[in-house]
> 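Please find one structure pasted underneath; my questions will follow.
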Amino acid sequence: GDLKEESPDTGDASPIVDHSGVSPLYAQVLKDIDSILILIQNQARIKVDSNMSGEAQPVAELVLQGLGLLGLANPTAMSPDEELIRSFLGEGSGTEAPKAPKAPRESRPIQEWSVEDVDESPEGTEFVLKQVISLETLNKKRTALELLARPPPKFVHDVAILIQEKTGFMQAMSHEWPEQSRDARIELLQYIADSSSSCLGARIDFDPSDVLKGKEVGKTLRLLQLLSLASIKFSAQREKPMLDRPLSLQRKASKTRLD
């Protein structure tokens, strides 16, 4: 019959693989992999919780690296043994457990919103802005939704002023609308976009000249929502105790006080 050897940990018999006919180094690598596979198999049999999986993770990674060096790993058509090894890394057969559906943004506090939560609708923009400011004072002749259907350039600035007054965000922004200079209007709108982008750490697809032309309304509405999120983040950061802030902000705040 086939020669068998006993596993040192469990006493289970496992076949001895014939490595004759290969180089000594190659044979030693195969023998080491055989031993590790036996160890993992034994651990898999008694695995009862995630802690056991965590202990086997480094070993599993080494085995997969060895298989890859020998050209024996095949992620697209895994053998049962390889699938078992990958299970210790949370990979398994390649199918991921379904993620819990994210609650609708309106049901979550706006402080928990991310850049991915904003949209390009007038209704969505009205909802977000109302979490920060009151829109009733912006225009007595037209409703907020009517203004958001095609936001005038000055409306964007007016919203930014209200947000500045409420949260302290964009303190350097001028309250004066440059009616006579197109370049100055573009610069002002770009400042709003750049300030929001910097605060959120995200790129904002926005061209201020489109606002002046009444184009790309969706991108303008998206900017207004991101401006709101940025101001909320800024306000929350400003209210944090000094020691809880990043070191760079501590130095900036200290310098401001000294000045």
Side-chain angles (χ1 to χ4, degrees), residues 104-240 249 252 256:
R105 67 176 196 165
E106 288 80 3
S107 66
R108 288 180 276 123
I110 194 153
Q111 292 82 359
E112 297 178 5
W113 287 26
S114 65
V115 173
E116 290 73 24
D117 286 314
V118 304
D119 62 17
E120 298 182 354
S121 70
E123 295 79 10
T125 306
E126 181 186 35
F127 177 85
V128 175
L129 290 176
K130 282 185 175 181
Q131 309 304 307
V132 185
I133 60 175
S134 173
L135 299 175
E136 283 69 22
T137 59
L138 285 173
N139 192 302
K140 295 182 179 180
K141 296 181 180 179
R142 301 170 64 186
T143 66
L145 274 180
E146 288 174 339
L147 291 167
L148 290 169
R150 190 173 181 180
K154 189 176 184 302
F155 172 78
V156 177
H157 183 227
D158 290 341
V159 168
I161 291 174
L162 290 179
I163 288 177
Q164 181 198 65
E165 293 174 344
K166 183 68 178 292
T167 67
F169 185 51
M170 300 186 304
Q171 282 296 322
M173 183 186 69
S174 171
H175 283 209
E176 182 179 352
W177 177 249
E179 198 70 54
Q180 305 302 320
S181 172
R182 182 177 184 276
D183 289 342
R185 293 197 297 272
I186 287 179
E187 184 178 345
L188 179 57
L189 294 171
Q190 189 63 55
Y191 171 78
I192 295 172
D194 290 345
S195 298
S196 302
S197 175
S198 177
C199 182
L200 295 172
R203 179 182 175 275
I204 298 178
D205 184 10
F206 175 77
D207 185 344
S209 63
D210 287 334
V211 183
L212 300 182
K213 300 174 185 176
K215 296 181 177 180
E216 299 289 355
V217 171
K219 292 182 179 180
T220 303
L221 297 179
R222 181 178 172 82
L223 171 65
L224 290 173
Q225 294 186 42
L226 292 173
L227 168 61
S228 300
L229 295 188
S231 69
I232 291 171
K233 180 178 179 181
F234 172 84
S235 182
Q237 186 66 54
R238 189 176 60 170
E239 292 172 1
K240 276 188 177 182
L249 291 180
K252 184 176 181 181
T256 302

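Values below: all heavy atoms of this structure, side chains included; hydrogens, waters and symmetry mates excluded.
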> Say you draw a straight line from CD of Q131 to CD1 of I110; how long is it, rounded to the nearest 0.5 Å?
5.0 Å
> Taking atom CD of Q190 and atom CG of D207, what is their separation to the nearest 0.5 Å?
7.5 Å
> Counting N and O atoms only, with roles assigned by atom type, does the side chain of S195 sit under 3.5 Å from a partner on the main chain of Y191, one being a donor and the other an acceptor?
yes
> Within a 6.0 Å radius of atom CD on Q180, are there more than 12 heavy atoms belonging to other residues, nucleotides or ligands?
no
> Working to the nearest 0.5 angstrom, can you tell me the gap between H175 NE2 and L188 CG?
10.5 Å
> Could you report the tightest heavy-atom contact between S114 and L229, atom names first, then the distance?
O-CD1, 3.6 Å
> Flag yes if more than 12 heavy atoms outside E187 fall under 6.0 Å of its CD atom; otherwise flag no.
no
> So does I163 get a backbone contact from the side chain of T167, meaning a donor-acceptor N/O pair under 3.5 Å?
yes
> Could you note down all residue pairs passing salt bridge (charged side-chain N to carboxylate O under 4.0 Å, His left out) where residues 221-235 supplies at least one of them, sequence neighbours left out?
none
> Hey, mind stepping through L223 and V211 against side-chain contact (heavy atoms from CB on, under 4.5 Å) and telling me if it holds?
CA-CA 11 Å; L223 171 65; V211 183; 6.0 Å; no
> So which heavy atom on A144 is nearest to which on E126, and how close?
CB-OE2, 4.0 Å
> Above 12 or not: heavy atoms from other molecules or residues under 6.0 Å from CZ of R150?
no
> Kindly indicate, with the supporting measurements, whether the criterion side-chain contact (heavy atoms from CB on, under 4.5 Å) is fulfilled by L226 and V115.
CA-CA 7 Å; L226 292 173; V115 173; 3.9 Å; yes
> Side-chain contact, heavy-atom cut-off 4.5 Å: N139 with E146?
no
> Taking the side chain as C-beta and beyond, is there a heavy-atom pair between L212 and R182 under 4.5 Å?
yes
> Restricting to non-hydrogen atoms, name the atom on L221 and the atom on S121 that form the minimum distance, rounded to 0.1 Å.
CD1-C, 3.7 Å
> Using the ring of each side chain (for Trp, its six-membered ring), is F169 parallel, tilted or perpendicular to F234, with breaks at 30° and 60°?
tilted
> Quick one: closest heavy-atom pair of V217 and L148, and the distance?
CG1-O, 4.1 Å
> Taking the side chain as every heavy atom from C-beta outward, state whether W177 and I161 have any pair of such atoms under 4.5 Å apart.
no
> Testing I192, L138, T125 for side-chain contact (heavy atoms from CB on, under 4.5 Å) with V159, which one passes?
L138
> Just by modelled atom types, is the D205 backbone N or O under 3.5 Å from a matching donor or acceptor in the K219 side chain?
no
> To the nearest 0.5 Å, how far apart are CG in L135 and CG in D158?
11.5 Å
> Grab the two heavy atoms, one from E112 and one from R108, that are nearest each other, plus how far apart they are.
O-NH1, 3.8 Å
> Compute whether any side-chain donor of one residue and acceptor of the other, for S174 and E176, lie under 3.5 angstrom apart.
no
> Under the side-chain contact (heavy atoms from CB on, under 4.5 Å) criterion, do R105 and D119 qualify, and how do the steps go?
CA-CA 11 Å; R105 67 176 196 165; D119 62 17; 3.3 Å; yes
> When rounded to the nearest 0.5 angstrom, what distance separates OG in S228 from CG in L162?
10.5 Å
> Using 0.5 Å steps for rounding, measure from the OG atom of S209 to the CZ atom of R185.
12.0 Å
> How close do V128 and Q225 get, counting heavy atoms only, and between which atoms?
CG2-OE1, 3.6 Å
> Start with the C-alpha distance between M173 and H157, add both sets of side-chain angles, then the distance that settles side-chain contact (heavy atoms from CB on, under 4.5 Å), and finish with yes or no.
CA-CA 10 Å; M173 183 186 69; H157 183 227; 4.0 Å; yes
